Protein chains: 2
Amino acid sequence: MGISDRKEREKQEMRKLIMNAAMEMFVKEGYEKTSLRNIADKIEYSPATIYLYYKDKDELLWGLQAEAFGKLNEIFQTSVTATDPVKQLEQLTKTYVEFGMNNPDLYDLMFIIRSPMNVKDDESWQNGSNAFKFLTDVIERCGDRLRYKDAKTAALSCWAMVHGLVSLNVRGRCKVLELPGEEDINKILIQSVDEYIELITR
Amino acid sequence: MGISDRKEREKQEMRKLIMNAAMEMFVKEGYEKTSLRNIADKIEYSPATIYLYYKDKDELLWGLQAEAFGKLNEIFQTSVTATDPVKQLEQLTKTYVEFGMNNPDLYDLMFIIRSPMNVKDDESWQNGSNAFKFLTDVIERCGDRLRYKDAKTAALSCWAMVHGLVSLNVRGRCKVLELPGEEDINKILIQSVDEYIELITR
DNA sequence: TTTAATTACTGAACACTGTTTAGTAAGTTT
DNA sequence: AAACTTACTAAACAGTGTTCAGTAATTAAA
């Protein structure tokens, strides 16, 4: 059955072709400009063809989301290098903030946009879950060096803090801060994370 | 010039008619269903008419945003009743979280959606700025009872925390938490806020 | 009071969006 | 060579925000 094997291979290649085009479009042109028609144009196929490989736009976005979470996990792996778990937490949170600020569109897709993150037990949810597990593991290793009652709420709070900082910025809500002069917003965020880590450790 | 006065009055009434219809639609049907055509249908005018009173959809959204911020300010005023500034901060943060959880669509419009919050010196920005000032004022009154270096970063961090909690929930990102049983997510959030307040006070 | 100018409004169109369906052309099997 | 299956697309549907020419009513000027 070599033919059906090849057919299956070609099908996966086509899925990848669509996926890659969508991803490239997404990081280059942003969410708004990434329509099915534009993607179809890019890969020189009809828009209807995409529907033969993906149920709808949401399914495509889940794919992008999965890749983005994978990327985040990779960065975590390479950036969190310390042996001290508290130091690890510091590296983790800063890495998170930097990732969000450097990849606003991907961050959007992963943590802000409405549609995805709906279905359980798919790749996207798996990768997202892994990233969160990375955080909870670090926090658990911190043990009683964190001034938190249990690891679960500690993880939630910690995540909420960094996500709050990033998402307020990504969606331009930090103008009310009225930063004096041309202070780098990126540094202020990192500083806030620093202060937070200091605050929750004893 | 009584005529032009009446004309101006009628113009404002029309603006209000559109605004109210849009707001009603927004809180009842959500953002997705609130299209210009639907609004126009509701007030029994042509969609084109709306453009005679609002430059575009964004301008309309700014109006809604302004009202929502006004509403939030009101709630702040009636809910923050304590004399102790730290207690005030606790009331403020909890009120914020509850507002977000009870009015997800409005919260969306105020703190998540992309388009608005662009232009300075308009009503929406004013009201948003006021809400933030409410927070910074409370924090300043707390003085050295907060374990923060300066009031500004304290305010940012505090806001980031509550916004993080609410927005992760509003956009359904808290499923990774894997809450045991049917625990009320609302209570967990309030609990997290509690713990945070406790954490930053000495 | 009749005519001219201004105002308020709309129908229809434009350029998009995601999505579905009927039909075609090629590849595969019999 | 005929029958079947697969891969693909043109065209349409229903929706979006937005613009513009044209109409009817109101106001101002003659």
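Source: prediction; values computed, not measured.
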A:Glu44 atom CD, neighbour heavy-atom count above 12 within 6.0 Å: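 At most 12 heavy atoms, drawn from other residues, nucleotides or ligands, come within 6.0 Å of this atom.
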Runs of at least three Watson-Crick or G-U pairs with DNA chain D, cut-off 3.5 Å: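 Result, WC/G-U stems under 3.5 Å: C:2-28 with D:3-29.
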Ion pair check, [X] and [Y], cut-off under 4.0 Å:
| X | Y | value |
| --- | --- | --- |
| A:Asp194 | A:Lys187 | no |
| B:Arg171 | A:Asp108 | no |
| A:Glu90 | A:Lys94 | yes |

Flag for A:Tyr107-A:Tyr96: side-chain donor and acceptor within less than 3.5 Å: yes
Test side-chain contact (heavy atoms from CB on, under 4.5 Å) applied to B:Leu61 and B:Phe26, step by step: CA-CA 10 Å; B:Leu61 289 184; B:Phe26 209 92; 4.2 Å; yes
B/S/- contact track for nucleotides 8-19 of chain C, protein heavy atom under 4.0 Å: SBBB-B---BBB
Contact summary for A:Asn73 and A:Ala131, nearest pair of heavy atoms: OD1-CA, 3.2 Å
Taking atom [atom2] of [N] as reference, at what distance in whole Å does atom [atom1] of [X] sit?
| X | N | atom1 | atom2 | result |
| --- | --- | --- | --- | --- |
| B:Ile18 | D:dG17 | CD1 | P | 14 Å |
| B:Ile39 | D:dG15 | CD1 | C1' | 15 Å |
| B:Tyr31 | D:dT16 | OH | C1' | 11 Å |

Ring centre gap for A:Phe69 and A:Phe76 strictly below 6.0 Å: no
